[in-house]
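What follows is a short report on a single structure.
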Amino acid sequence: MRVTQFSPDAPARAHAFTLSSADDGLAALGAWREYPRVQQPVWPDEAERAKVFDDLRAAPPLVFAGEVDVLRDRIAAAARGEAFLLAGGDCAETFADSTADRIRNKIRTILQMAAVLTYGASLPVVKMGRMAGQFAKPRSADEETRDGLTLPTYRGDAVNEFDFTPEARRPDPSRLWRTYTTSASTLNLLRAFTGGGFADLREVHSWNRGFTSGAGYDRYEELAGQIDKAVRFMDAIGADFDALKVVEFYASHEALLLDYEEALARIDSRTGEIYGCSGHLLWIGERTRQLDGAHVDFMARLRNPIGVKLGPTATVDDALRLIDRLDPEREPGRLTFITRMGAGTIRDRLPALVEGVRDSGAQVAWVTDPMHGNTITSSNGYKTRRFEDILDEVVGFFEVHQALGTVPAGLHMELTGDDVTEVLGGAGEIDEEGLTRRYETLVDPRLNHQQSLELAFLVAEMLSRR
Ligand code: PEP
Ligand code: CO
């Protein structure tokens, strides 16, 4: 979050917000309420919702305009091929799992993957968590029925509880306040870890501590040894390592609940522009990217870098119209397309999209999400993914860009820093029986720590061949 590695002048750009005089500017943001909206909970009590909305609007922003502006520059660099974006974290964060240990493990996993990618590909890596705000989920059905009882579907801890009882499933706006406080405590830890020396590259060995040996780990130890050696060499010739102590790390999530996102928007007192202050990068999901819908209207008004998920049914026309709405100025770093096609589809669907967008002159960053197009149900009933499919979609992504001469700008992963068993395969050879051992996710299956490292090594090879 503090910025030293790339541009020493950036902290000077961080600045305060005004709120009281800003109401006029923010009023226009509420226009989304006039548009068709999907995936929003029905809050049972309007007075309760309004009270939480006002409380959130009066609360301090979670991120700052200066940081958001720097991230836009970083994404622009990734879109040009001068950096690589690595985003990772849970499908959905939960309040219960927002503990120091779990958060540290996720940060550590992303730092390790970034070290592998940076060293392997000699490219700066822009590190980003699906963290500190990823508490809401779009769902394919509004209701769930079990044994004749029908209840609202679980929409993430930001909305209701997972337990299958009428009380638990009732949308509760006080959960939006808890989303804010849990995001704040997560960000606080993130800022401490990335600003306090934990993320210092000289700690490469210690990030691996506590994990047993295995393919990914042995390889990581070897790489850490090489980095160590390089660092000692630089030290010996008098290099200044202070810049390594502080690492940039950004927070991102799907901007799904527009009540929450609107309440956390703030006006930049310098420019009068509106920033979504719930996270640095906000994305629009595959289910909410309707051109005439509430989410696109809302996000078009924010200054943040915006992501949009594009699934296998997305057309060139969809992409071009999204660009016109969200990036009319064709501003580098403003728009990231996160494709999630499926391993069997990406080689067919992605080329036309990339070509159409390239020919339009927009400078979008192309990022692959190899998770959401590859979800299956195992024969013993688990929602899972195969490591080989995930990898194959990443390979397809690189092949398409290689063939077109365009830039694969980044990777968007669902992962955890713990040893869960939710995704099949990988060097740990998790099989269907293995899924029963430690399957913890409430929504989508995540790569575990070892699978994440393994994937990073494979992607580093592809990047270095680029
Ligand atoms: C997600 O990222 O968790 C998600 C729901 O993805 P998508 O919108 O691509 O389906
Ligand atoms: Co998911």
Side-chain angles (χ1 to χ4, degrees), residues 37-41 85-94 97 106 128-142 153-159 162 179 251-258 261 278-279 281-291 293-296 298-299 306-314 318-319 322 326 335-343 345-346 349-350 353 366-377 382-386 389-390 393-394 397 410-416 420 422-423 439-448 451-452:
R37 56 183 113 151
V38 289
Q39 297 287 346
Q40 303 305 292
L85 176 68
L86 172 66
D90 297 301
C91 180
E93 295 170 282
T94 63
D97 278 350
K106 267 183 279 184
M128 192 155 82
R130 262 181 84 107
M131 279 173 80
Q134 178 58 19
F135 291 96
K137 293 311 298 171
R139 304 311 303 256
S140 34
D142 286 341
T153 190
Y154 171 64
R155 291 186 177 278
D157 277 12
V159 175
F162 186 71
T179 297
S252 71
H253 65 268
E254 177 173 353
L256 184 69
L257 301 177
L258 295 179
E261 300 302 336
S278 60
L281 176 140
L282 304 175
W283 79 82
I284 306 177
E286 167 73 356
R287 293 168 189 76
T288 53
R289 61 175 169 78
Q290 299 80 11
L291 285 155
H295 288 80
V296 169
F298 177 81
M299 299 285 270
I306 303 293
V308 184
K309 293 284 200 88
L310 294 179
T313 60
D318 292 337
L322 283 163
L326 296 168
L335 191 59
T336 299
F337 279 144
I338 308 165
T339 61
R340 30 87 86 219
M341 301 277 165
T345 313
I346 184 163
R349 305 293 310 186
L350 188 58
L353 284 183
W366 290 100
V367 166
T368 179
D369 160 2
M371 313 301 291
H372 289 90
N374 295 309
T375 311
I376 55 168
T377 304
Y382 287 88
K383 186 178 187 185
T384 186
R385 293 162 173 150
R386 289 190 198 94
D389 292 341
I390 294 167
E393 179 151 357
V394 179
F397 174 75
L411 192 61
H412 179 112
M413 306 301 299
E414 284 185 344
L415 57 81
T416 161
V420 300
E422 299 171 2
V423 169
Y439 189 97
E440 295 180 0
T441 183
L442 300 184
V443 270
D444 290 341
R446 305 158 294 181
L447 294 183
N448 64 23
Q451 290 168 326
S452 302

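In what follows, every heavy atom counts, from backbone to side chain, and hydrogens, waters and symmetry copies are set aside. Whatever order the structure lists ligands and atoms in, that order sets their numbers, starting from 1.
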Within the side chain of [X], is there an N or O that forms a donor-acceptor pair under 3.5 Å with the backbone of [Y]?
{"X": "Glu422", "Y": "Thr441", "result": "yes"}
{"X": "Arg289", "Y": "Leu310", "result": "no"}
{"X": "Gln40", "Y": "Leu258", "result": "yes"}

Heteroatom proximity flag, Trp283 to ligand 1, N/O under 3.5 Å: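 Checking ligand 1 against Trp283, no N or O pair falls under 3.5 Å apart.
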Nitrogen or oxygen of Glu254 less than 3.5 angstrom from that of ligand 1: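 No, Glu254 has no N/O under 3.5 Å of an N/O on ligand 1.
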Per-residue contact class, Arg340 against ligand 1 - non-hydrogen pairs under 4.0 Å: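 The part of Arg340 near ligand 1 is the side chain, not the backbone.
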For ligand 1, the portion of Ala92 having any non-hydrogen atom under 4.0 Å away: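 The answer is neither; Ala92 stays 4.0 Å or more away.
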Side chains of [Y] and [X]: any donor to acceptor distance under 3.5 Å?
{"X": "His295", "Y": "Glu254", "result": "no"}
{"X": "Arg340", "Y": "His412", "result": "no"}
{"X": "Arg155", "Y": "Gln39", "result": "yes"}

Minimum-distance N/O/S atom that Asp444 presents toward the Co ion (ligand 2):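 The atom in question is OD2.
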Degrees at the Co ion (ligand 2) between the SG atom of Cys91 and the OE2 atom of Glu414, nearest 10°: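 With the Co ion (ligand 2) as the vertex, SG (Cys91) and OE2 (Glu414) sit 90° apart.
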Quick one: look up the protein heavy atom nearest [atom] and list residue, atom name and how far away it is.
{"atom": "atom 2 (O) of ligand 1", "answer": "Lys309 NZ, 2.7 Å"}
{"atom": "atom 4 (C) of ligand 1", "answer": "His372 NE2, 3.4 Å"}
{"atom": "atom 8 (O) of ligand 1", "answer": "Glu286 N, 2.9 Å"}

Spatial distance of atom CZ (Arg446) from atom CG (Leu415) [nearest 0.5 Å]: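 Interatomic distance, Arg446 CZ to Leu415 CG, rounded to 0.5 Å: 9.0 Å.
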Output the list of atoms in ligand 1 that are nearer than 4.0 Å to some heavy atom of [X], sorted by atom number.
{"X": "Arg130", "result": "1 (C), 2 (O), 3 (O)"}
{"X": "Glu414", "result": "1 (C), 3 (O)"}
{"X": "Pro138", "result": "5 (C)"}
{"X": "Cys91", "result": "3 (O)"}
{"X": "Arg287", "result": "5 (C), 7 (P), 8 (O), 10 (O)"}
{"X": "Gly285", "result": "8 (O)"}

side-chain contact (heavy atoms from CB on, under 4.5 Å) assessment of Leu350 paired with Thr368: CA-CA 10 Å; Leu350 188 58; Thr368 179; over 6 Å; no
Ligand 1 contacted by Lys137 (non-hydrogen, < 4.0 Å):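 The answer is yes, since Lys137 has a heavy atom less than 4.0 Å from ligand 1.
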side-chain contact (heavy atoms from CB on, under 4.5 Å) between Arg139 and Tyr154, intermediate numbers included: CA-CA 8 Å; Arg139 304 311 303 256; Tyr154 171 64; 3.8 Å; yes
Pair Asp444 + Lys137, salt bridge at N-O below 4.0 Å: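 Salt bridge absent between Asp444 and Lys137.
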